[in-house]
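No hydrogens, no waters, no symmetry mates; every other heavy atom, side chains included, goes into these values.
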Amino acid sequence: MRRALALTALLAAAACSGGGSTTEALVVVDGFAVVDAWVRPTPATADEAAIYMTIENRDAPDDRLIAASSPRCMIVTPHLTMFDEDNITSMSEADADQLGITTGGRLTLEPNGLHLMCLGIADPFVTGETFEVTLEFAGHGPVTTPVVVEQR
Amino acid sequence: MTSTTPPTEPTVTPDERRAPGRGRRWGRILALVLGAPILAVLAVWVGLKLFSPHPYSGLVMQAPEDAPSLADLTTDDGQPLDLTAWRGDVVILFFGYTSCPDVCPTTLANVAAAKRLLSDREADRVHLVMISVDPGRDDPAQVGEYVRSFDPDFRGATGPKEALDRATTLYSQYYELGPVQPNGSYEVIHTASLIGIAPDGHVRLLWTTTVEPQLLAADLSELL
């Protein structure tokens with residue numbers, strides 16, 4: 001417990017020194033931390049949304065993101081946005097080797113790249129609300145993080 | 001040259017400089033030593049400003065032509081899309097769709113960020129129109145509502161498939177509806193470009209949608 005508190009204090013200090021407003025860990029579980037998990041609000045027409053976050057492997061063994069889920073999405077899959085030589089954009093499911101997180105490393109899910117695709121949205125995401133996404137890894141236990149809806 | 005006379009004191013205080021005779025000599029030396037390089041740098045800078053083109057981040061059209069009419073598309077206020085109404089301003093065209101999860105919202109956020117980097121006077125003269133290539137799900141009003149969640153001045157438009165096919169061909173854009181998923185959803189594969197129409201009504205620039213807001217803002221400012 002004391003160790004967990006010390007770790008939290010350390011993380012808070014690290015977050016403050018980072019300078020950004022969104023570097024604080026939203027959740028820390030056994031050496032895995034999730035930072036800055038967000039999604040844009042969705043229009044009524046959208047069945048899909050891209051969820052972004054940074055997953056940090058602070059001191060856990062090498063691992064890999066294998067799946068995700070959320071009560072707000074029918075399915076969540078790691079996706080990759082691609083641009084071909086004619087700048088035509090399309091998306092596909094991410095390959096396993098793009099989802100590794102080594103010790104001390106991070107997996108960045110960001111606009112125009114890797115993201116968690118939330119498929120089958122029942123209720124549109126509204127700015128200001130927060131919902132949960134659960135990440136599953138090959139070795140590490142599941143990590144549930146809050147995701148905030150905001151327009152950026 | 002009188003200026004070669006060595007000064008009796010190594011340092012010159014403002015009082016000494018104001019002293020008659022000696023002050024004038026020092027003034028001449030200072031003017032030569034400092035003034036000449038400053039003038040040279042200034043001349044080069046002015047020359048560069050006048051004669052070297054702005055290094056556009058977008059692709060510059062070598063033979064700019066009048067932006068083809070898109071009057072067979074309908075805007076979010078129910079009127080035909082009239083590009084000539086913005087003559088004298090910059091228009092950015094973007095072909096996308098509202099249920100686009102990643103690229104389209106990121107693009108709109110980038111253009112909104114670029115506009116915020118401009119002065120208010122410049123920003124008021126930049127008009128983005130997102131043309132939805134997904135009329136099965138988007139009507140003009142929905143596109144308008146969607147883009148205004150990024151910037152209150154953004155506009156939306158769409159039209160029947162034939163009009164969109166014509167528009168994308170005229171502007172060298174590609175789109176294709178992906179396979180329909182079990183839940184009825186489908187992806188729209190499309191060109192991720194921003195098309196820049198200059199104040200003279202010519203298609204002048206083409207940006208990728210991943211262009212940095214700072215670079216886009218610099219290009220927009222130059223176009224204006």
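If you measure heavy-atom distances from A/Glu48 to chain B, the contacts under 4.5 Å come from both the backbone and the side chain. Residue contact with chain B, scored on non-hydrogen atoms closer than 4.5 Å, is absent for A/Thr42.
In this structure, A/Ile88 and B/Tyr175 have side chains that are not in contact, with every pair of non-hydrogen atoms separated by 4.5 Å or more. Inter-residue side-chain proximity for B/Pro101 and A/Met91 is flagged as met; some heavy-atom pair is nearer than 4.5 Å. Looking at B/His190 and A/Thr89, their side chains come closer than 4.5 Å, going by heavy atoms from C-beta outward.
Considering OG1 of B/Thr191 and CG of A/Asn87, their distance stands at 7.0 Å, rounded to 0.5 Å. Between the CE atom of A/Met117 and the CD atom of B/Glu187 there is a distance of 6.5 Å, given to the nearest 0.5 Å.
Contacts with chain B were tallied for A/Ala44, A/Ala49, A/Ala50; A/Ala50 has the most, counting heavy-atom pairs under 4.5 Å. The residue among B/Gly178, B/Ala192, B/Ala113 with the most heavy atom pairs within less than 4.5 Å of chain A is B/Ala192. With chain B as the partner, the residue from A/Asn112, A/Asp47, A/Leu119, A/Asp86 showing the most heavy-atom pairs under 4.5 Å is A/Asn112.
A side-chain N or O of B/Asp102 and one of A/Tyr52 form a donor-acceptor pair less than 3.5 Å apart. Judged purely by distance below 3.5 Å, without hydrogens or angles, the side chains of B/Thr106 and A/Arg152 never pair a donor atom with an acceptor atom.
Contacts with chain A (heavy atom to heavy atom, under 4.5 Å) involve these residues of residues 140-172 of chain B, listed by number: B/Gln142, B/Tyr146, B/Ser149, B/Phe150. At a heavy-atom separation below 4.5 angstrom, chain A is approached by no residue within residues 74-85 of chain B.
Minimum heavy-atom separation, B/Ser99 to A/Ala46: CB-CA, 3.4 Å.
The 12-atom threshold is not exceeded at CG of B/Asp120, counting heavy atoms of other residues, nucleotides or ligands nearer than 6.0 Å. More than 12 heavy-atom neighbours from other residues, nucleotides or ligands sit within 6.0 angstrom of CZ on B/Arg87.
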